[in-house]
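Please read the structure below before turning to the comments.
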Amino acid sequence: MPKHSFYTFSKTSFVRGMQCRKMLYLDKYKSNLKTPPDAETLRRFNAGHSFEAVFKSTFPNGVDMKQRFRYPTSEYVNTTIQLLGSQEEVIIFEAAILYSDVLVLTDVLRKNADGSHDIFEVKHSDKINSAIEWDLSVQYYVCKNALRNIHTFNLVNRVGESDFAVTNMLDFAEKHLPEVEQHLSEFRDVLQGFEPEMEMGAHCDSPYQCDFKNYCKKLNVNTLIFQ
């Protein structure tokens, strides 16, 4: 069964769907089949979290949702709405924005005194790959529909070993709104059906190695044995 009842898609699940429809389905219904991350993957995760923490430290008095709640539950959404509605100016880390059945957590959301919003997505990578592009696109889709008044929509990525650059990606994300809408419709159909049949190929490792790669390998072997 799905892991959450109040939303269907997150940024992560949307990006998974863009890489492989079968990965999207397995992550939703058979997440126990994932291969645990190896040491190198965990190292990259930790480096990314450290980089994100450094950037967040440049925003004083930020409200950190992860310190308030252990998991991204509906309380994330309720508290985000309360903070945005009760304060003229506020900075929220991991603000939960829900539109339709899509939930995104923004790394940094700043509500300004004039009611506009600045959003910052932090990536440790020094390059922009397709996963980052779709991550930004679906996040903007949700934020634009839920918040509406977006002043800047920024990507924060690594420069050199520890420096960072901030790039306003609003125009880029705006152009991808129709595609996001179309893909979400396709993904809903995928999740309402049976496990997709997908041949293994280059998409299993690009832009990231799939957590279900070993499962698919075993499935392919069993299929050959019983043919």
Side-chain angles (χ1 to χ4, degrees), residues 10-19 23 37-67 72 76 80 89-97 102-114 116-144 146-147 149-177 179-180 183 202-211:
S10 64
K11 289 189 298 180
T12 300
S13 62
F14 183 86
V15 171
R16 287 179 182 275
M18 291 305 303
Q19 182 169 340
M23 183 177 11
D38 57 22
E40 175 58 23
T41 300
L42 291 175
R43 186 197 66 77
R44 291 199 305 270
F45 285 159
N46 291 332
H49 292 321
S50 297
F51 181 73
E52 181 180 320
V54 170
F55 178 74
K56 286 179 175 178
S57 69
T58 65
F59 292 85
N61 305 318
V63 179
D64 192 338
M65 302 295 283
K66 284 187 176 179
Q67 290 184 355
Y76 268 54
T80 297
E89 299 180 60
V90 64
I91 296 170
I92 308 174
F93 302 147
E94 308 302 323
I97 312 299
V102 188
L103 175 72
V104 301
L105 302 182
T106 65
D107 289 335
V108 180
L109 171 62
R110 180 173 63 200
K111 179 187 176 185
N112 304 306
D114 63 358
S116 66
H117 303 87
D118 294 306
I119 299 167
F120 300 85
E121 175 65 19
V122 185
K123 298 297 184 186
H124 186 239
S125 174
D126 60 354
K127 297 181 177 63
I128 302 178
N129 59 24
S130 60
I132 292 176
E133 290 179 343
W134 286 117
D135 181 301
L136 291 168
S137 298
V138 71
Q139 183 172 179
Y140 180 74
Y141 168 83
V142 172
C143 291
K144 179 174 182 178
L147 301 176
N149 191 0
I150 299 178
H151 177 233
T152 63
F153 184 75
N154 304 284
L155 170 64
V156 182
N157 65 298
R158 178 170 56 87
V159 177
E161 291 300 318
S162 58
D163 292 334
F164 55 81
V166 180
T167 306
N168 188 359
M169 302 291 288
L170 194 148
D171 289 341
F172 167 86
E174 185 73 27
K175 293 177 182 178
H176 284 74
L177 288 174
E179 291 179 84
V180 171
H183 289 308
H203 63 277
C204 298
D205 297 291
S206 180
Y208 303 120
Q209 182 169 295
C210 176
D211 298 327

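For the single chain, residues carry numbers from 1 onward in sequence order.
Contact detail for Met23 and Cys210: the closest heavy-atom pair is SD-SG, 3.6 Å. The minimum heavy-atom distance between His124 and Ala47, with the atom names listed, is CE1-CB, 3.8 Å. Scanning all heavy atoms of the two residues, the minimum distance from Pro207 to Gln19 falls at CD-OE1, 3.4 Å. The minimum heavy-atom distance linking Asp107 with Lys56 is given by the pair O-CE, 3.3 Å. Considering all non-hydrogen atoms of both residues, Phe55 and Val166 come closest at CE1-CG2, 4.2 Å. Between Ser125 and Lys127, the shortest heavy-atom contact is OG-O, 2.7 Å.
Proximity of a side-chain donor or acceptor of Glu94 to a complementary backbone N or O of Asp64 within less than 3.5 Å is not detected. Checked by atom type and distance alone, the side chain of Thr80 pairs as donor or acceptor with a backbone atom of Ala96 at under 3.5 Å. At distances below 3.5 Å, not a single donor-acceptor pair connects side-chain atoms of Arg16 with backbone N or O atoms of Met18.
Contact of the Leu147 side chain with the Leu109 side chain is registered, since non-hydrogen atoms from C-beta on lie closer than 4.5 Å. Proximity of His183 to Phe14: side-chain heavy atoms (C-beta onward) are separated by under 4.5 Å at one or more points. Here the side chains of Phe93 and Val108 are in contact, with some heavy-atom distance below 4.5 Å. The shortest distance between side-chain heavy atoms of Met169 and Thr167 falls below 4.5 Å. Residues Leu42 and Pro37 have side chains in contact (heavy-atom distance under 4.5 Å, counting atoms from C-beta outward).
Taken from OG in Ser137 to NE2 in His176, the straight-line distance is 5.0 Å, to the nearest 0.5 Å. Atom OG1 of Thr12 is separated from atom CG of Leu103 by 10.5 Å, given to the nearest 0.5 angstrom. Distance check: Glu89 CD to Asp114 CG gives 9.0 Å after rounding to the nearest 0.5 Å. To the nearest 0.5 Å, atom CG of residue Asn154 and atom CD of residue Glu121 are 10.5 Å apart. Taking OH from Tyr208 and CZ from Arg44, the interatomic distance works out to 8.5 Å, rounded to the nearest 0.5 Å. From Glu179, atom CD reaches atom CH2 of Trp134 across 4.0 Å, with rounding to the nearest 0.5 Å.
Scanning for side chain to side chain contact (heavy atoms under 4.5 Å, CB included) contacts around Arg110 gives Phe59, Ile91, Asn112, Asp118, Phe120, with sequence neighbours left out.
Other residues, nucleotides and ligands contribute only 12 or fewer heavy atoms inside 6.0 Å of the CG atom of Asn61.
When each of Leu105, Val104, Ile119, Ile92 is checked for a side-chain contact (heavy atoms from CB on, under 4.5 Å) with Ile97, only Val104 meets the rule. Under the side-chain contact (heavy atoms from CB on, under 4.5 Å) test applied with Phe164, the options Val156, Leu155, Val122, Asp126 reduce to a single match, Val156. Checked against Lys144 for a side-chain hydrogen bond (donor to acceptor under 3.5 Å, both in side chains), the options His117, Gln139, Glu174 give a single hit: Glu174.
With salt bridges taken as basic N to acidic carboxylate O contacts below 4.0 Å, one links Lys123 and Asp135.
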